[in-house]
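As the structure lists them, so they are numbered: ligands from 1, and atoms in each ligand from 1. The structure presented is a predicted model; accordingly, all values stated were derived computationally and were not measured. Throughout, numbering of the chain's residues begins at 1 and tracks the sequence.
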Amino acid sequence: MRNELLPDQETLATLEAFAVDLASGAGRLIVTERPAELGVGTKSTDTDVVTEMDERAQEYLLGRIERMHPDDGVLGEEDGGSLSAGSSGLTWVLDPIDGTVNYLYGRDDFAVSVAVVVGDITTPGAWWPVAGAVAAPARGVTFHARADNGAFVVDRMGRRRRLTASSASELSQSLVATGFGYASEVRAQQASVVAALLPQVRDIRRGGSAALDTCDVAAGYLDAYYERGVHAWDIAAGRLVAEESGAIVTGVSAAAPLADGILVAAPRLHGALQETLMALPNDGMMSSQ
Ligand code: LIP
């Protein structure tokens with residue numbers, strides 16, 4: 001199904017370049033135009049924050065996509081997750097600031113995630129990212145990929161490196177990232193899962209950005225990342241970067257990404273980690289779009 005929907009490589013190259021330009025441009029905006037007094041609101045809980053720069057970055061992204069690709073669909077985090085369907089068969093999936101709490105606190109691990117997908121973005125297992133970029137302005141890098149062409153990271157000097165997921169195969173030697181929802185009752189359940197996993201792995205990391213955790217597996221900076229409760233906009237671009245690096249991307253226990261969260265792992269580690277996670281108590285997070 002994916003291959004039937006895949007645009008040709010020339011089109012994909014153009015889409016990838018546009019995704020890089022969009023993510024990098026929004027990344028510059030949220031850093032250079034951040035006001036001294038940052039306006040902050042909340043969403044699902046009082047710790048689920050949205051800043052005025054999340055909204056400005058999404059306006060920037062939507063405006064450029066509307067001008068260049070008026071017939072494409074759009075799914076943006078700050079639209080309350082509402083899908084604006086298009087007629088072209090392409091849907092842009094946007095997280096204007098992923099790792100918003102890190103951005104709020106002045107920590108470096110935040111990113112702008114821009115992906116373009118084919119298929120039905122509202123149904124896990126029925127959509128496939130075909131081009132995308134994750135810009136991490138405080139790190140000075142942008143990760144990017146297009147289908148069947150490999151994954152890359154480019155730095156602020158313009159140096160570009162192909163990404164390859166790690167060769168890790170032993171759970172006890174693996175560096176695993178995860179993340180937690182914003183609701184306290186869910187966090188308590190997620191804590192019990194990570195507490196059971198911790199003695200079985202090298203160590204755990206909690207970075208705060210699903211987009212960067214996913215790209216970090218692609219780059220070999222992590223051996224795996226799992227999280228329940230993330231949304232398509234958090235991981236759509238990072239999923240493609242990871243898949244093109246040779247990493248395996250599935251649900252936590254399901255085959256389809258986002259059917260029950262996401263699991264991104266080095267190819268020789270994925271099976272053992274998924275088996276271990278399946279044996280741990282489910283943290284109760286429902287499927288997410
Ligand atoms: C974040 C995710 C992260 C998760 C955080 C938060 P946001 O997205 O990228 O993986 O653990 O709780 O959901 O809210 O910064 O766009």
Shortest non-hydrogen contact from D223 toward V217: O-CG1, 4.0 Å
From CA spacing to verdict: salt bridge (charged side-chain N to carboxylate O under 4.0 Å, His left out), E78, K43: CA-CA 10 Å; E78 304 317 337; K43 296 187 291 189; 3.2 Å; yes
Main-chain N/O of I248 paired to E243 side chain as donor or acceptor, under 3.5 Å: no
Residues forming a ring pair (Phe, Tyr, Trp, His ring centres under 6.0 Å) with F110, sequence neighbours excluded: Y103
By side-chain contact (heavy atoms from CB on, under 4.5 Å) - contacts of N102 (at least two apart): R107, D109
Can you give each donor-acceptor pair under 3.5 Å made by side-chain atoms of residues 18-25, sequence neighbours left out, with the distance rounded to 0.1 Å?
{"from": "D21", "atom 1": "OD2", "to": "R64", "atom 2": "NH1", "distance (Å)": "3.1"}
{"from": "D21", "atom 1": "OD2", "to": "R64", "atom 2": "NH2", "distance (Å)": "2.6"}
{"from": "S24", "atom 1": "OG", "to": "V20", "atom 2": "O", "distance (Å)": "2.7"}

Near ligand 1, at a heavy-atom separation below 4.0 Å: residues by chain and residue number: E77, D95, I97, D98, G99, T100, G179, F180, Y182, R206, G208, S209, A210, Y225, E227, D234
